Amino acid sequence: MNHQQLQLIDLARLVQGECVGQADLRLKGLASLEHADSTDLAFVNADKYVEQAANSKAGALIVTAALKEQLPSQHNFIVVANPYLAFAILTHVFEKKQQQRGIEITAQIHPSAMIADDAYIGHYVVIGENAVVGANTVVQPHVHIDHNVEIGQDCFIDAHVTITGETKIANRVRIHANSVIGSEGFGFAPYQGKWHRIAQLGSVRICDDVRIGSNSSVDRGALDDTILEQGVIIDNLVQIAHNVKLGAHTAIAAKTAIAGSTTIGKNCIIGGGSAIAGHLNIADNVTLTGMSMVTNNISEAGKYSSGTGLFENQKWKRTVVRMRQLADVPLTQVIKRLDHMQSQIESIESTFKLRK
Amino acid sequence: MNHQQLQLIDLARLVQGECVGQADLRLKGLASLEHADSTDLAFVNADKYVEQAANSKAGALIVTAALKEQLPSQHNFIVVANPYLAFAILTHVFEKKQQQRGIEITAQIHPSAMIADDAYIGHYVVIGENAVVGANTVVQPHVHIDHNVEIGQDCFIDAHVTITGETKIANRVRIHANSVIGSEGFGFAPYQGKWHRIAQLGSVRICDDVRIGSNSSVDRGALDDTILEQGVIIDNLVQIAHNVKLGAHTAIAAKTAIAGSTTIGKNCIIGGGSAIAGHLNIADNVTLTGMSMVTNNISEAGKYSSGTGLFENQKWKRTVVRMRQLADVPLTQVIKRLDHMQSQIESIESTFKLRK
Amino acid sequence: MNHQQLQLIDLARLVQGECVGQADLRLKGLASLEHADSTDLAFVNADKYVEQAANSKAGALIVTAALKEQLPSQHNFIVVANPYLAFAILTHVFEKKQQQRGIEITAQIHPSAMIADDAYIGHYVVIGENAVVGANTVVQPHVHIDHNVEIGQDCFIDAHVTITGETKIANRVRIHANSVIGSEGFGFAPYQGKWHRIAQLGSVRICDDVRIGSNSSVDRGALDDTILEQGVIIDNLVQIAHNVKLGAHTAIAAKTAIAGSTTIGKNCIIGGGSAIAGHLNIADNVTLTGMSMVTNNISEAGKYSSGTGLFENQKWKRTVVRMRQLADVPLTQVIKRLDHMQSQIESIESTFKLRK
């Protein structure tokens, strides 16, 4: 994908790996084992892919020493401890990056805003009063950066992102297209059958190396701030409500919603389609599988799950009928009664035998 | 947050409260009990916050008369019947509002469109043929208002909102960033293994005081209109399908989806992550807790729920196995059989004793 | 809705139907049975609507021959085999289409991009290097078409859509407002407690006649492409992760998420709010009802479901307690024990009687 062609030896050095085979082989891209051709590099990440790797047309393979032993020696290799990590690193070599710098003539930037000389501000970007954009940050077309928003260095803000609510963004943050950061939280005081809007006065703080996918929403706090600590990664279509705090290096998969004032610890993994109620505390190192439903605090690290799983539809209908009966069936008592009756029967039987 | 500093007595008057303490105290903002300093006003909403309030550095506290009795008398107070409502009202005093009026030079407005003199039309807004924008309405940058769309007075339309499908919007409506109103409903006629698109000819009607969050979608009707009655409030990432009708003052939390032609009553509260099937009727005053799954009409007001809740993962796996057995276990019959066998055993035992 | 008024006979011809009644009746729109007036055409799709149809003020009714027999003969009719399909076809006659062609002066188009003469490029559209837009394609305001993106003929791309990641789009594709196609997939290699971003090098391929709703996200592949085959229809707020493959004519309702590398067959119907885990294979002709949770392959065509359904809240609370007990209650064993004890009791009783 990149016009620049690198030699196998150079790529091996970039990942501190051992180059085995034709060191001057020129590679022009990364590809899957299935689709790689002789100018592509592919990676093998587990024993189950050995056969596919052996048959791959890839010019070279990223492998562990143990995997290499299982593969024909005529292949070219980069041997590393962690092929998946090496692959992750090398994707950056072959990525086409936005190279432009400077401000497009059509960008509307308030005179009080401060834009670093080597930032890129795309066409039709609108930047408000006192906003700041740091060095080497790329702002794609149509982004709206509202007044008092601050963005650090080396960030990437994709098209149609809205950043408002005086959000402060640190360095190396990536926000993908059409996401909204700092919009008003869903705060209303109910009174006499109506909802009275609570203007949201808090903001959003996003720390270094955070990543937010496309079409996601992160609301500003009601009074205090919504906070995303360093290294948090968020997928697409995720809702982060006002005053949520996400601990460092927590990952949140697509279509998850986290309600207001919930705090999630560090290094958590939240599966896609989960919903976490408001005002909860989730400990560090919690993993939730997909579609988890969280309505209470989680104080212990560990793996948690929700849901019925999938049923063939007719069986599901019968199962739902049983679930409706479940509330009125004292399950643990059933077992106790069974045990008790069993011993009664045995007692009768033994008495019987004695009498014979 | 506001440069204007107000005296305690003025703020008390705004919420028809009693000012107790230093009437001329100047306050510059609202803050949480935890983060307030001596120039901030904070609110206390329940007995459980009394200790935190007693230790707060807030310059003054919004309280009920009963709460005031539990707090040290050296504090300054605004005493009201409903502190949360008073807080909601005062957030508007300290909110930074968009003060600009007029039309930015870069806005593209069709000559036939009617824009009130004291509206604000931001940079790069595009407004189509015969569209209308009412007095004091703020339209932020990059909004697209398509032909024949009408927007009333005192509305706020945030950046990147798309309004199409000849949507009619009344007064004091707020639509947050990147939402889409009036897009085509998901209507297709299946025929011979293919989907035949049904062009959507209905529209969307949004009544007074409706609020829609960011990244939400409200589709135009197929023939008749999709209708949001007055005072409806909708959170982020919510899907409202074609021909849905939402009754007045109903609240819908984030990531909920309501399928086509469903009617929801007045004053309902729909928890986040819920999904409501199409062609249903939901009564007034229905509350659904988060992740509710609605596949039938709800004719009685009340609170309803779905879902298994959260399990430790290993226990969940065992539970799912049992759920798969549930369809074939006649639960209510188990209890009847237990009762029947119990009486058989007792009958045998008593016969036994008689015979001894 | 259309200024052009068509005669009943013309409309009947368009759907290869029989015109019964006043052939020269001029009709100006389609409407529901409930709201139609004498210049509207309405359709009747089932016996249950016969009474409503008999009382409708519609100028003419689209019916089957069987339905016509049940209706008063003074009505005007278009008689067809499939009224719903005929209705779908006629919606296109009354739809107001975007008639404009050409490039708005404010569009920013890279000199290397190729735009067909009879395409429409709206205000403030930004089109990158080497991008292609085919004949008769309509690109609404504020769309961003990034470098190397290709769009075929007769497509409709609504406002604020972002198309990036070198996506290739075929013909007659419709993408509704604020959707994001080709954004970066959620790929990270975990290493020493941090997430290492995997730059996404694959693309998105969208085949003929695909339809994507508003606020949806389709991510580019990691190495290979994400693929949407011909005739796929997708609703609003749907997440399609990297390397997903959707088979031809599959329909996906709102708020569904499909995780990475999952392949879904042809002619599937995925209910709204469903979540499908990654790396799965779903067969052709699978139907999932709403909120389905899929964590395993589905190898058989058929209908599948998940979830507990909806409970009155107090009953749900008791049900959840029972579900927590379920893991430790050997349900199938309970039935066996009951059967066994029953036979023991019967044996005792019969012995008893014998001894009497």
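Naming convention: chains lettered A, B, ... in sequence-line order (proteins, then strands); numbering from 1 in each chain. Computed from a prediction, not measured in an experiment: that's the story for all the values here.
Atom CD1 of B:I335 sits about 10.0 Å away from atom CG of A:D328, to the nearest 0.5 Å. Expressed to the nearest 0.5 Å, how far OG of B:S292 lies from CE of A:M293 amounts to 7.0 Å. The NE2 atom of B:H142 sits 7.5 Å away from atom NE2 of A:H160, with the distance rounded to the nearest 0.5 Å. Rounding to the nearest 0.5 Å places CD1 of A:I348 at 4.5 Å from CD of B:E349. Taken to the nearest 0.5 Å, the CE atom of B:M291 stands 10.0 Å off from the CD1 atom of A:I276. For the atom pair A:R322 CZ and B:L326 CG, the distance stands at 7.0 Å (nearest 0.5 Å).
Heavy-atom pairs under 4.5 Å with chain A peak, among B:L331, B:L310, B:D40, at B:L310. Taking A:F311, A:W195, A:F188, A:W316 one by one and counting their heavy-atom pairs under 4.5 Å with chain B, the maximum is reached by A:W195. Counting heavy-atom pairs under 4.5 Å between each of B:H123, B:E312, B:Q140 and chain A puts B:H123 at the top. Per-residue counts of heavy-atom pairs under 4.5 Å with chain B were compared for A:G278, A:G187, A:S305; the largest is that of A:S305. Between chain A and the residues B:I233, B:D209, B:L237, B:N267, the most heavy-atom pairs under 4.5 angstrom are made by B:I233. For the options A:P330, A:G185, A:G193, A:S274, heavy-atom pairs under 4.5 Å to chain B are most numerous at A:G193. Of the listed residues (B:I345, B:N82, B:V320), the one with the most heavy-atom contacts under 4.5 Å to chain A is B:I345. Contacts with chain B were tallied for A:S217, A:S216, A:G273; A:S217 has the most, counting heavy-atom pairs under 4.5 Å. For chain A, the option among B:L90, B:N313, B:T319 with the highest count of heavy-atom pairs below 4.5 Å is B:N313. Residue with the most contacts toward chain B among A:H196, A:Q325, A:Q239, A:Q108: A:Q108 (heavy-atom pairs, distance under 4.5 Å). Of all the listed residues (A:V329, A:L338, A:D146), the one sharing the greatest number of non-hydrogen pairs under 4.5 Å with chain B is A:V329.
The two residues A:S183 and B:A177 make their nearest non-hydrogen contact at OG-N, 4.4 Å. Taking both residues in full, the closest heavy atoms of A:F186 and B:I234 are given as CE1-C, 3.4 Å, listed atom of the first, atom of the second, then distance. Closest of all the heavy-atom pairs between B:K255 and A:K255 is NZ-O, 2.7 Å. Nearest heavy-atom pair, A:A199 versus B:H92, reported as atom, atom and distance to 0.1 Å: N-NE2, 4.1 Å.
Heavy atoms closer than 4.5 Å to chain A are found in both the backbone and the side chain of B:M341. Looking at A:D219, the atoms closer than 4.5 Å to chain B (heavy atoms on both sides) all sit in the side chain, from C-beta outward. Contact of A:A257 with chain B is made through backbone and side chain together, with heavy-atom distances under 4.5 Å. Within the 4.5 angstrom heavy-atom criterion, only backbone atoms of B:I252 (N, CA, C, O) approach chain A. Interface remark: B:R324 contributes backbone and side-chain atoms alike to the contact with chain A (heavy atom separation under 4.5 Å). Only the backbone of A:V143 comes within contact range of chain B, judged by heavy atoms closer than 4.5 Å. Heavy atoms of A:T289 lying under 4.5 Å from chain B belong exclusively to its side chain. Neither the backbone nor the side chain of A:N243 comes within contact range of chain B, judged by heavy atoms closer than 4.5 Å. Interface remark: A:V238 contributes backbone atoms only to the contact with chain B (heavy atom separation under 4.5 Å). At a 4.5 Å heavy-atom cutoff, the contact between B:A31 and chain A is made by backbone atoms alone. Proximity to chain A (any heavy atom under 4.5 Å) is shown, for B:D339, by both the backbone and the side chain. Proximity to chain A (any heavy atom under 4.5 Å) is shown, for B:Y84, by both the backbone and the side chain.
In this structure the side chain of B:Y124 reaches within 4.5 angstrom of the side chain of A:T106, judged on heavy atoms. Looking at A:E184 and B:R211, their side chains come closer than 4.5 Å, going by heavy atoms from C-beta outward. A:N215 is not listed as a side-chain neighbour of B:N178, based on a closest heavy-atom distance of 4.5 Å or more.
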